[in-house]
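First the structure, in the form of structure tokens, and then the observations on it.
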Amino acid sequence: MAFQTIRGTFDVLPDAHDTGGSEIPGAAAWRWAEGVVRGTMARFAFQEVRTPVLEPLDLVARGVGATTDIVSKEMFVVERSKEAYVLRPEVTAPVMRAYLQHHLDQRGGAQRLFYIGPCFRAERPQKGRFRQFHQWGTELIGSDDPGADAETVANLRAVYDAFGITGTRLRLNSIGDAADRPAFRDALREHFAPHADQLSETSRQRLDTNPLRILDTKDPAERALLDGAPVLTDFLGDAARDHHDRVKTLLDGLGVPYVEDPLLVRGLDYYTRTVFELESDALGAQGALAAGGRYDGLAQAVGSKRPVPAVGYAAGFERLFIALAEAGTTLPAAPTPDVFLVCLGDAAEAAGFGIAQALRQSGLAVDFALGGRSVKAQMKAADRSGAAHAVVIGDDELAAGAAQVRDLGASEQRPVPIAELAVVLSAGPAARESGPSPVHG
RNA sequence: GUGGCUGUAGCUCAGUUGGUUAGAGCGUCCGGUUGUGGUCCGGAAGGUCGCGGGUUCAACCCCCGUCAGCCACCCCA
């Protein structure tokens, strides 16, 4: 085997396969999952946008934040003609870029947008963590109303409900407005400074660059220092506090469950006020299924003259599939043809192409073996294809003008005039459109 | 980026204290007389034992490096 997928990437094949630990669902499962997402988005009146995989490096650096891990060490940078591009590590900054570039505010009102697509981060691969991974997410741009936050969270929950995934926990917090942050940062620094020697090297750096990040440390020793540390909630300005309260009231009214977590912060710089994360205990270290929040500061960070309030979330397909597997959900298998054509001899094979074409034009999915294999081999292939019927054509059938139609399930066959094949075969179980549904168990 | 574990046919795995033609099951292909599958029987193809060095008369087995996967950390979806 000469070439292989590069580290942390994978192929999607007709059937599921695994990379050694992570099960990669087949293409039909991906299509189905994307369809479930699209269905939910439609019900929330979110509309799709598709942005390039390649974006200007500066957009990401300024949008996501230069001190973040993503920008400082996980970007795939592409250089060409002195321009620096990156394979997008997330899609929020690109969508905001598109919103500003195309003046989507001129469509009127807040824009309810969603996306589905690949992202790239040069992290060390693990189960549920790839270098090319796939996300869907929403961006509700142009509204500072708490209702926008509530809609976003409600949408997130609705998607996972549609997938039948239970046992998740939605953590919610407010990190306040940019103006609230300095006082809190100072308070944090004051709190940690005396214990700097007990902090890890990275935390000590963060004390300088981004003290909020120390809050979500998992280091037990550092967690101990969190006792008595200043609480973000106490530093919220009136506007942010009121906003947060109204978001919670709306979610309570909707019956959307969440838990408040004053230690929840986000790794990306653009967040303001509302932040949340959906996690599952079933996923091990990759517990985060989805995360998001409000990012009122992003637009200006990427060059807008006016502030543009917005809120959204991003969710990972790879982790969704792990959660679906944990839930015992059966994913759709590759589609099967309706008919498998078995041709004996050159004349029959020549006629077979015409018959296949006619059946296909009538809407049937038709497969057949190329290259004149033995009847036995062709029948075996027909069986394996999953087709409901095999249509056998040989010299006898051509002479009689009638093919043998074999019901592969019942093992019965009868002659059918070639001209009537399309009608007869279409009369069967032709509910192929919607495809199989997953079974929850 | 750090640490640990793993790496033999398409898949799941065997492979004796290093010993000379590396095996099995499943799968694939062909066949079991002239045109019929899912069972059965027979046969075949398929492996530079992840890759590269080293030790040795001799290495899939030992040593070093490297790549990849997995797990944890970090971080994140």
Side-chain angles (χ1 to χ4, degrees), chain A residues 1-2 4-10 13 15-22 24 64 68-74 89-92 116-137 156 200-203 205-206 213 216-220 265-268 276-280 283-292 312-323 340 342-345 348 369 372-387 389-398 404-413:
Chain A
M1 68 182 98
Q4 296 190 353
T5 48
I6 62 178
R7 179 170 220 206
T9 67
F10 56 84
L13 304 174
D15 298 314
H17 71 288
D18 64 62
T19 60
S22 296
I24 308 299
V64 176
T68 60
D69 283 19
I70 291 177
V71 169
S72 63
K73 55 187 198 193
E74 295 175 359
E90 53 94 62
V91 193
T92 296
I116 292 178
C119 295
F120 305 82
R121 261 126 85 161
E123 298 181 281
R124 189 129 168 202
Q126 240 173 281
K127 184 176 188 175
R129 157 182 296 189
F130 295 89
R131 290 185 159 197
Q132 177 180 337
F133 57 103
H134 300 78
Q135 293 192 329
W136 81 86
L156 172 59
S200 65
E201 193 181 334
T202 53
S203 284
Q205 278 172 16
R206 280 180 182 146
R213 299 302 311 286
D216 66 351
T217 182
K218 283 169 197 152
D219 184 321
V265 294
R266 304 268 65 223
L268 287 56
F276 55 87
E277 185 167 313
L278 185 72
E279 59 180 20
S280 163
L283 270 62
Q286 266 60 54
L289 284 169
Y313 75 87
F317 276 100
E318 287 80 4
R319 292 179 188 184
L320 164 72
F321 282 123
I322 295 175
F340 196 103
V342 175
C343 305
L344 321 177
R373 303 219 282 149
S374 70
V375 188
K376 180 175 185 153
Q378 291 188 64
M379 285 304 296
K380 198 169 182 180
D383 183 53
R384 189 171 36 206
S385 78
H389 294 94
V391 171
V392 183
I393 310 158
D395 291 339
D396 295 350
E397 284 74 17
L398 287 179
Q404 290 293 330
V405 172
R406 183 174 181 83
D407 183 321
L408 290 168
S411 296
E412 294 165 356
Q413 69 185 60

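Protein chains get the first letters and strands the later ones, always in sequence-line order, with residue 1 at the start of each.
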What distance, rounded to whole Å, do you find between the two [atom1] atoms, one in [N] and one in [M]?
{"N": "B:C41", "M": "B:G35", "atom1": "P", "result": "25 Å"}
{"N": "B:G65", "M": "B:A77", "atom1": "P", "result": "35 Å"}
{"N": "B:U48", "M": "B:A22", "atom1": "C1'", "result": "13 Å"}
{"N": "B:U33", "M": "B:G46", "atom1": "P", "result": "27 Å"}
{"N": "B:U66", "M": "B:G19", "atom1": "P", "result": "29 Å"}
{"N": "B:U8", "M": "B:G25", "atom1": "C1'", "result": "15 Å"}
{"N": "B:G7", "M": "B:U12", "atom1": "C1'", "result": "14 Å"}
{"N": "B:C5", "M": "B:C63", "atom1": "P", "result": "12 Å"}

Open item on the list: Using a 5.5 Å cut-off between ring centres and planes within 30 degrees, is A:F133 stacked on the base of B:A77?
Closed with: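 Stacking is present between B:A77 and A:F133, given that their ring centres fall under 5.5 Å apart and the planes under 30°.
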
TODO: Determine whether any donor atom in the side chain of A:E279 lies under 3.5 Å from an acceptor atom in the base of B:A77, or the reverse, and answer yes or no.
DONE: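 Such a pair does not exist between side chain and base.
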
Can a side chain N or O of [X] be found less than 4.0 Å away from OP1 or OP2 on [N]?
{"X": "A:R384", "N": "B:C29", "answer": "yes"}
{"X": "A:Q126", "N": "B:A72", "answer": "yes"}
{"X": "A:R124", "N": "B:C71", "answer": "no"}
{"X": "A:R129", "N": "B:C74", "answer": "no"}

- [ ] Can you tell me which stems RNA chain B forms, taking runs of 3 or more consecutive Watson-Crick or G-U pairs with both distances under 3.5 Å?
- [x]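 Ordered by first number, the stems with RNA chain B (at least 3 consecutive pairs each) read B:1-7 with B:67-73, B:10-13 with B:23-26, B:28-32 with B:40-44, B:50-54 with B:62-66.
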
Please tell me which of the listed nucleotides, [options], lies nearest to the side chain of [X]?
{"X": "A:T19", "options": "B:G37, B:U36, B:C70", "result": "B:C70"}
{"X": "A:K376", "options": "B:G69, B:G38, B:G32", "result": "B:G32"}
{"X": "A:K127", "options": "B:U36, B:C71, B:G69", "result": "B:C71"}

Open item on the list: Regarding A:G386, tell me which of base, sugar-phosphate or nothing describes its non-hydrogen contacts under 4.0 Å with the strands shown.
Closed with: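 Result for A:G386 = nothing.
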
TODO: Of all the heavy-atom pairs spanning A:F10 and A:I24, show the shortest one and how long it is.
DONE: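 Closest heavy-atom pair between A:F10 and A:I24: CD1-CG2, 3.5 Å.
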
Task: Position toward the 5' end of RNA chain B (nearest nucleotide), A:D18 or A:A290 - done: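 That would be A:D18.
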
